[in-house]
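Contents: one structure, followed by commentary.
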Amino acid sequence: MPKVTFNTQHKSFYSSLQKKVETYFKERRIKKTGDQRLFFKAFLLIFSAGLVYVLLLTVRLHPVAGLLLCGLMGFLLATIGFNVMHDANHGSFSDKRWINEALSLTANLMGVNAWLWRQKHNLIHHTFTNLDGVDEDLATTSLLRMGPYQKKYKVHRYQAFYCIPVYGLTSLMWTFFSDFKKYFTRKIQVTALSEMSYGEHIIFWSSKILYAFLFIGLPVYLLGFLPFLAGFLVMHLVLGITLAVVFQLAHVVEATHFEDAHKEDLHIGQEWAVHQVRTTADFATGNPVISWLTGGLNFQVEHHLFPRISHIHYPVIQRMVKETCADFGIRYNGYPTMWAAFRSHLRLMKQLGIQ
Ligand SMILES: [Zn+2]
């Protein structure tokens, strides 16, 4: 892995911002973790997913109604991923460690190993954001050219047209391929994994078996193979597209910056926090429905600067981030609507395919 260093001499942007954020929490005497609003949302989403799962397996439904419910299941799993799994794995869902640890396992229930996710997301993506060659979020498949420093193939000319169906394979790939690749190669792209404990090995295999039982074995036994297969694919298609689109809109849009970290050691001229602002974009932060559903992932700039603070606090923190960016002359990236960010993503994909 190339050695990546940030400017550690000038850290005044982050220290100034941190001071404001710390003062806000101290003065109001509120916790940085989630509160009743988040706990209620988590309960509602998990309960709804459980209800849809039971309905699908126990009630004789018209095939169209069944497939629609499978799509809803995929969407609910994505929202649990955004609101519960993501926060719990960052340790920001609750101030009780055991609650975060328990809820981080919602990832395993969705087919993705939480320990490997933390390595990929918390350690690599959050530190080396948009560093092409290190940040695995940019290296999903060679079918897509997601950064200006990636090899270009002829097929990429059409990627703006086919990227959305490819995103539909995201969760299937994580569940059945990427997790095992990371587990057996002991690395994520170029970064070596830290040591996995015996307990984590047991959790890895037992949750893969539990997933196969709940999402494959039991549905095949109760519904038959073809109904299972159709429903399973629809669920993953919706889950994959929802997850991928929300993550892409935050980093792979025209406003964000990329760095080449394929070969040589890389020194980033800015402090780490400024790099986070340059490589990340917010979207639709004034839309309460999108903010509620995406678990604050539309406040991605604030999340990258304060990943251990619950997303319920991001609207307040956003004001401080904007103000500090203006003070330091740093451009703050944000799209007013999700549609504007989506169009920007497609424009960038088109550009990356031809330039
Ligand atoms: Zn995160």
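Model, not experiment: these values are computed from the prediction. In each ligand, atom 1 is the first atom listed, and ligand 1 is the first ligand listed.
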State, to the nearest 10 degrees, the angle whose vertex is the Zn ion (ligand 1) and whose arms point to NE2 of His86 and NE2 of His121. 90°

Okay, side chain of Asp132, backbone of Ala261: is any donor-acceptor separation there less than 3.5 Å? no

Are Lys208 and Phe180 in a cation-pi setup, meaning NZ or CZ lies under 6.0 angstrom from the ring centre and within 45 degrees of the ring axis? yes

Does Tyr183 have its ring centroid less than 6.0 Å away from the ring centroid of Phe204?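 Aromatic pair counts; centres sit under 6.0 Å.
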
Is the distance from the Zn ion (ligand 1) to the nearest N/O/S atom of His90 under 2.8 Å?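 Checking His90: at least one N, O or S atom is under 2.8 Å.
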
Looking only at N, O or S atoms, find the one in His126 nearest to the Zn ion (ligand 1) and name it. NE2

Say you draw a straight line from NZ of Lys32 to CD1 of Ile317; how long is it, rounded to the nearest 0.5 Å?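 Reported value, rounded in 0.5 Å steps: 8.5 Å.
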
